[in-house]
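Here the structure is laid out as structure tokens; the discussion comes afterwards.
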Amino acid sequence: NAGVTQTPKFQVLKTGQSMTLQCAQDMNHEYMSWYRQDPGMGLRLIHYSVGAGITDQGEVPNGYNVSRSTTEDFPLRLLSAAPSQTSVYFCASSYSSDQGGNTFGSGTRLTVV
Amino acid sequence: GESVGLHLPTLSVQEGDNSIINCAYSNSASDYFIWYKQESGKGPQFIIDIRSNMDKRQGQRVTVLLNKTVKHLSLQIAATQPGDSAVYFCAEIPYNFNKFYFGSGTKLNVKP
């Protein structure tokens, strides 16, 4: 098992550019989620999904879109990057939101200039 | 949003001592709590969880205590080792809400 795989590990974008952060898991987990982590802060939930075809907003969804066409993949799209989106992004998965905690990916460090 | 916070941003302990990391939460309806460990440059790693119908749960060298009366959660690490040095986060999941709310983290520094 590879666990949760995030790509890329690092990315620099110019303001206004769009991009997709990839996340894939091979554990057949139903629940997947995206977080951002800013310096000295905890993780904030961006979007989450309780299963294929179902997504919902977290605490800080503005400027981000997600889709869940398969159980394995949960990409995060930045529509028009802004410097405020400079952060480390983590994808996570679990069997459900209340079972056993999340397995996290290793993160994507995004810088928007 | 929900409020999950930590009392101490940095905790320094001597190797071999016990560590206690604290966390306060605001939603009395929260059903599920998790402690995570995050080492530098890595994603958070699940340590231990506890449900609201329990007061205490033990793992290997770790114990989580839940005090619902004062909405307080703590993580106890026995015989702290240098490998325990990391940032520790608590997370709160309100009942049937599907959303995790993380605290801001406590950095544990273990001195040899």
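Only heavy atoms go into these numbers, but all of them, side chains included; no hydrogens, no water, no symmetry mates. These numbers come from a predicted model, not from an experiment. Below, chains carry the letters A, B, ... as their sequence lines are ordered, and counting in each starts from 1.
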Chain B contacts, top residue of A:Ser106, A:Gly42, A:Cys91, A:Gly58 (heavy-atom pairs, under 4.5 Å): A:Gly42

Between A:Gln37 and chain B, which part of the residue has a heavy atom less than 4.5 Å away: side chain, backbone, both or neither? side chain

Is B:Lys99 in contact with chain A via its backbone, its side chain, both, or neither, using a 4.5 Å heavy-atom distance? both

Distance under 6.0 Å and angle within 45° of ring axis: A:Arg109 vs A:Phe10: no

Testing the 3.5 Å rule here: is there a donor-acceptor pair between the side chains of A:Ser87 and A:Asp38? yes

Test ring pair (Phe, Tyr, Trp, His ring centres under 6.0 Å), reference B:Phe102, set B:Trp35, B:Tyr36, B:Tyr88, B:Phe33, output is B:Tyr36

Quick one: do A:Leu13 and A:Val66 end up in the same hydrophobic cluster if we chain Ile, Leu, Val, Met, Phe, Trp and Tyr together by side-chain heavy atoms under 4.5 Å apart? yes

